[in-house]
Protein chains: 2
Amino acid sequence: MEDETTKLAKMLKALGNPVRLQILTYLASTHSCITNDIVQQIPLAQSTVSQHLKVLRQAGLILGEIEGPATCYCLSAQGFSWLRQHLTLTLDGLLITQEPNLIQLDIRTETE
Amino acid sequence: MEDETTKLAKMLKALGNPVRLQILTYLASTHSCITNDIVQQIPLAQSTVSQHLKVLRQAGLILGEIEGPATCYCLSAQGFSWLRQHLTLTLDGLLITQEPNLIQLDIRTETE
DNA sequence: TCCTTATATCGTACTTTTACGATATAATAA
DNA sequence: TTATTATATCGTAAAAGTACGATATAAGGA
C-alpha cells in the first residue's frame, strides 16, 4: 500500500516538470484532448510525450479513455480535488504558523 | 533568467519528495528550527538532510539564517505565497474547466 | 591553543528521470 | 488483406536525484 505522504509526493513530483505543466495547461484549455494534439503542442518526440502522460496518469492527475485508435485524455477532477485537499491540510496550513515578511538572510555559502 | 513555469516546476519538484515534505511539516510545527533538530527527526545521514535542505532553499521554500555555529531554518512565507498564487492561477483554475465526477475508464494497457 | 559542536560540501555508488528512435499493437480505411 | 493512423512500449544513453561516509569550515568552550 501507499502512504498518503508518498502519494502526495508522487503527485507533486509529477507536477514538478515544465513539460508536464504545459501538458496540463493544454489539457485544461481544450476538450479535444487526443494524444496527437498534445504531441503537436510539445516540441518533443511522441514517445517522450507518451511517457509524460503515463507519469501524469499514474499520479492520478489525468484520465485516459480509448476512442477508436486514439486515446482521449482529460484532467482528473478527483485527483486534483484530492491534491487540493491535502495541500490545504499541509502546505497552506504551514504558512499560518509563520510570521509574514521574512527576509532572506545570508547563508553560509552560496555558490550556485 | 528563469521562466515562471520553470520556477513553479522547481518548487513543485522540491515538494515532490516524502523526506522534504516531512522536513517542511516539521519546520511548520516548531520555531526552533536548527538543522540538527531536523536531523534528529529524519532517519537519514546528516549530509543527506543537508542536501535536502539545500534543494528546499534553492527552490525558495525555506530560509536559512546563521546563528553561531548552527543554521536556523524556517519556511519562506514569500515563497509559499508565490507558490499559492501561481497554483491558483494554473492548477486550481484547471479544475473549473472540467466536469465533475469523471470516472477512470479503461486504459489500453496497464501493467504497473 | 585545542576540543567539541554544527553544518556544508566532496567524492562516490546506485537509482531514477528524461529524451530519443525503433517497434508492437489496435482500429479504421482502401 | 493491406495500408494508414494513433499510441504505447522497448532499448538505450545521458543527465539528475538520492543516499552514504569522509572531510572542511566556522563558532564557541575548556
Side-chain angles (χ1 to χ4, degrees), chain A residues 5-6 9-23 26-27 32-59 61-74 105-112, chain B residues 2 5-6 9-24 26-27 32-59 61-74 105-112:
Chain A
T5 302
T6 305
K10 190 175 179 180
M11 272 198 179
L12 290 165
K13 191 175 186 177
L15 289 171
N17 177 291
V19 173
R20 289 195 288 266
L21 285 177
Q22 264 187 270
I23 291 175
Y26 178 70
L27 276 179
S32 58
C33 46
I34 299 166
T35 307
N36 195 253
D37 294 338
I38 303 171
V39 173
Q40 304 308 317
Q41 297 286 322
I42 309 285
L44 293 173
Q46 176 265 322
S47 59
T48 304
V49 172
S50 186
Q51 211 170 342
H52 282 300
L53 289 170
K54 187 177 183 178
V55 171
L56 290 170
R57 190 161 49 76
Q58 291 185 337
L61 292 169
I62 66 174
L63 304 170
E65 183 188 358
I66 300 175
E67 285 193 357
T71 305
C72 181
Y73 280 105
C74 60
L105 299 176
D106 286 7
I107 192 66
R108 187 169 303 186
T109 51
E110 184 61 81
T111 50
E112 302 171 302
Chain B
E2 198 176 48
T5 302
T6 305
K10 190 175 181 182
M11 272 198 178
L12 290 165
K13 192 175 188 178
L15 289 171
N17 176 290
V19 173
R20 289 194 286 267
L21 284 177
Q22 264 187 270
I23 291 174
L24 292 173
Y26 178 71
L27 276 179
S32 58
C33 46
I34 298 165
T35 307
N36 194 254
D37 294 339
I38 303 170
V39 173
Q40 304 309 315
Q41 296 287 321
I42 310 285
L44 294 175
Q46 176 266 320
S47 59
T48 303
V49 173
S50 186
Q51 210 170 342
H52 281 301
L53 288 170
K54 187 177 183 178
V55 172
L56 290 170
R57 190 162 48 75
Q58 291 185 337
L61 292 169
I62 65 175
L63 304 172
E65 182 190 359
I66 301 174
E67 285 193 358
T71 305
C72 181
Y73 279 104
C74 60
L105 298 176
D106 286 5
I107 192 67
R108 186 169 301 189
T109 52
E110 185 62 82
T111 50
E112 305 172 300

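So that the names make sense, note that chain A is the first sequence line, chain B the second, and so on, each numbered from 1.
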* Structure fact -> Sorted by chain and number, sequence neighbours left out, side chain to side chain contact (heavy atoms under 4.5 Å, CB included) with A/Thr35 holds for A/Val39, A/Leu53, A/Thr71, A/Tyr73
* To do: Output the single nucleotide from D/dC10, D/dC20, C/dT7 whose closest atom is nearest the side chain of A/Ser47.
  => D/dC10
* Structure fact -> B/Leu53 atom CG is separated from D/dG17 atom C1', nearest whole Å, by 16 Å
* **Nucleotide D/dT7, atom P - distance to CG of A/Leu56 in whole Å** => 16 Å
* Can you figure out which of D/dA8, C/dT7, D/dA6 approaches the side chain of A/Asn36 most closely? => D/dA6
* Proximity to the side chain of A/Lys54 - top-ranked nucleotide from C/dC20, D/dT9, C/dA8 -> D/dT9
* Side chain of B/Val19 (C-beta onward), nearest among C/dA6, D/dA19, D/dA8 -> D/dA19
* To do: Scan A/Thr35 against the nucleic acid and name what it touches under 4.0 Å (heavy atoms): base, sugar-phosphate only, or nothing.
  => sugar-phosphate
* Does a side-chain N or O from A/Thr71 land closer than 4.0 Å to OP1 or OP2 of D/dA8, or not? -> yes
* To do: Please report, rounded to the nearest Å, how far the C1' atom of C/dT9 is from the CZ atom of B/Arg57.
  => 12 Å
* With sequence neighbours left out, what residues match B/Gln46 under side-chain hydrogen bond (donor to acceptor under 3.5 Å, both in side chains)? -> none
* Can you find a donor-acceptor N/O pair under 3.5 angstrom joining the side chain of B/Gln46 to the base of C/dA6? -> no
* d(CD1, B/Ile42; P, D/dT18) in whole Å -> 14 Å
Could I get a table of every N or O pair under 3.5 Å where one atom is in the protein and the other is in nucleotides 12-17 of chain C?
residue: C/dT17; atom: OP1; partner: A/Lys13; partner atom: NZ; Å: 3.1

Throw together a table of side-chain donor-acceptor distances under 3.5 angstrom for residues 9-21 of chain B, partners on residues two or more places apart or in other chains.
residue: B/Lys10; atom: NZ; partner: B/Gln58; partner atom: O; Å: 3.4
residue: B/Asn17; atom: OD1; partner: B/Val19; partner atom: N; Å: 2.8
residue: B/Asn17; atom: OD1; partner: B/Arg20; partner atom: N; Å: 3.2
residue: B/Arg20; atom: NE; partner: B/Ala14; partner atom: O; Å: 2.7
residue: B/Arg20; atom: NH1; partner: B/His52; partner atom: ND1; Å: 3.0
residue: B/Arg20; atom: NH2; partner: B/Lys13; partner atom: O; Å: 3.4

* What is the distance, rounded to the nearest whole Å, between atom CG of A/Leu44 and atom C1' of C/dG21? -> 14 Å
* To do: Measure from CD1 on B/Ile66 to P on C/dT7 and round the result to the nearest Å.
  => 11 Å
* Out of curiosity, A/Gln22 CD to A/Ile42 CD1, how far, rounded to the nearest 0.5 Å? -> 4.0 Å
* Length of the CD-C1' vector between A/Glu67 and C/dT28, whole Å -> 14 Å
* Structure fact -> Interatomic distance, CD1@B/Ile62 vs CG@B/Leu56, rounded to 0.5 Å, equals 4.5 Å
* **Proximity to the side chain of B/Ala45 - top-ranked nucleotide from C/dA8, D/dG21, C/dG21** => D/dG21
* Of the nucleotides C/dC20, C/dT18, D/dT18, which has the atom closest to the A/Thr48 side chain? -> C/dC20
* Separation of B/Gln58 atom CD from C/dA8 atom P, in whole Å? -> 12 Å
* Asked: Could you state the interatomic distance from CG (B/Leu44) to OG (B/Ser50), rounded to the nearest 0.5 Å?
  -> 12.5 Å
* Return the set of residues passing side chain to side chain contact (heavy atoms under 4.5 Å, CB included) with A/Gln41 (not counting sequence neighbours), or none when no residue passes. => A/Tyr26
* Asked: B/Leu61 versus B/Val55: any side-chain heavy-atom pair under 4.5 Å?
  -> no
* OP1, OP2 of C/dA19 versus side-chain N and O of A/His52: anything below 4.0 Å? -> yes
